Amino acid sequence: MTKTPQETRVVVGMSGGVDSSVTAHLLKEQGYDVIGVFMKNWDDTDEFGHCTADDDFNDVRRVCETIGIPYYTVNFEKQYYDRVFQYFLDEYTRGRTPNPDVMCNREIKFKEFLDAAIDLGADYIATGHYARVDFHEGEYRLLRGVDTNKDQTYFLNQLNQFQLSKTMFPIGEIPKPRVREIAEAAGLATARKKDSTGICFIGEKNFREFLGHYLPNQPGEMRTLDGVVKGQHIGLMYYTLGQRQGLGIGGSGGSGEAWFVVGKDLDNNVLLVEQGQDHPALYSTSLVATDVRWVSQRPKSGTFRCVAKFRYRQPDQGVTVHVQDGGACEVVFDANQKAVTPGQAVVFYDGDVCLGGGTIDQVRALVPLNV
Ligand SMILES: Nc1ncnc2c1ncn2[C@@H]1O[C@H](COP(=O)(O)OP(=O)(O)OP(=O)(O)O)[C@@H](O)[C@H]1O
């Protein structure tokens, strides 16, 4: 028997931002039994004893009091460190560029948090993600948010049927400007709060300084593909494919054009650089993805066509996917792609439906890098 909203308990993940505030407000308006829960995943207490999590929790408290719902906090610092932060460091150590948001969703928000919510008697959890879930032909589907500009399915690509069956994304149905209007009209303290940007545990901090705190610096040479030494790098982990800024070699030499990172030779600790924003070494023709998960309980097999994204907010790209024995996928691009980066997520779509995704493990460059 279906429960009425009044009988349905929804635990909302509240970050202290406007999206999750409006999520809780809308569910409460619809008559659900709503509880707000703030997760503390990282301790960034500074030398003055100040921690941004305290400020965010304070906003959660103010919003929950306005809406009239109970609120709690849960601490997942250890789980976050072990399953998200350690992965983040490991990937950088391997010269890759990880995506901690994808891992946080898979391991923390939709696992630890979901389990904690179920312990609180939740029928569902809800978050302020711009995405939608529907039930179609016997299974749950993950759909892009209606505000395609804000769509966050890229980060949710690893979610499975169980996780989706327990999840509501109310603001996935609403354009972002409307979300702010709703927050204003409801008098929510977070109505004008700035959207958070960047990686949550780094925040506004200097990225190089932060990473240097955890991983040893190993400076080395910057070389062209022909082996010409162009300068020194400060440690491979600080650079990402396609990067132009921060190389410190300006337009020196050759054509006078800017220099770009085109590869990393980990064995020899060499950063490979080439000149010109359309240098062929920046482009690739295909990739191999590992850790691939399909949202559907009927996993894809064989060869099929769909569209994909190799980074957040990238326009859809036509691809042919070959699913290999063991689950890894070879993804062949219709058009050559620039700066496809190992460690990032590749996410597959059929129209508005997010099919799933994986981690970019290898990239086949248009010209051989010989590493
Ligand atoms: N510390 C947290 N505690 C509980 N839930 C969280 C927390 N951080 C994020 N979430 C949940 O995950 C959703 C997406 O997180 P993200 O970091 O992308 O925030 P956002 O899109 O800026 O949303 P918001 O405006 O709510 O902060 C949030 O809307 C919220 O539901």
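All values below were derived from every heavy atom in this structure, side-chain atoms included, with hydrogens, water molecules and symmetry-related copies excluded. This one's a predicted model, so the numbers in the text were calculated from it and none came from an experiment. Counting starts at 1 for both ligands and their atoms, in listed order. If you read the sequence from its start, that first residue is 1, and numbering goes on from there.
Considering only heavy atoms from C-beta on, R132 comes within 4.5 Å of E173 through its side chain.
With sequence neighbours excluded, no residue satisfies side chain to side chain donor-acceptor pair (under 3.5 Å) with Q232.
Protein residues are said to neighbour a ligand when one of their heavy atoms lies under 4.0 Å from it; for ligand 1 these are G13, M14, S15, G17, V18, D19, S20, V37, F38, M39, K109, T127, G128, H129, Q152, S196.
Tested against F310, the residues F333, Y154, F348 include a single ring-ring contact (aromatic ring centres under 6.0 Å, His included) partner, F333.
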Test side-chain hydrogen bond (donor to acceptor under 3.5 Å, both in side chains) on T97 and E91; report intermediate values, then the result. CA-CA 7 Å; T97 306; E91 287 285 272; over 6 Å; no

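Within a 6.0 Å radius of CZ in R364, other residues, nucleotides and ligands contribute 12 heavy atoms or fewer.
F57 and F38 have tilted rings, their planes meeting at an angle from 30° to 60° on a 0 to 90° scale.
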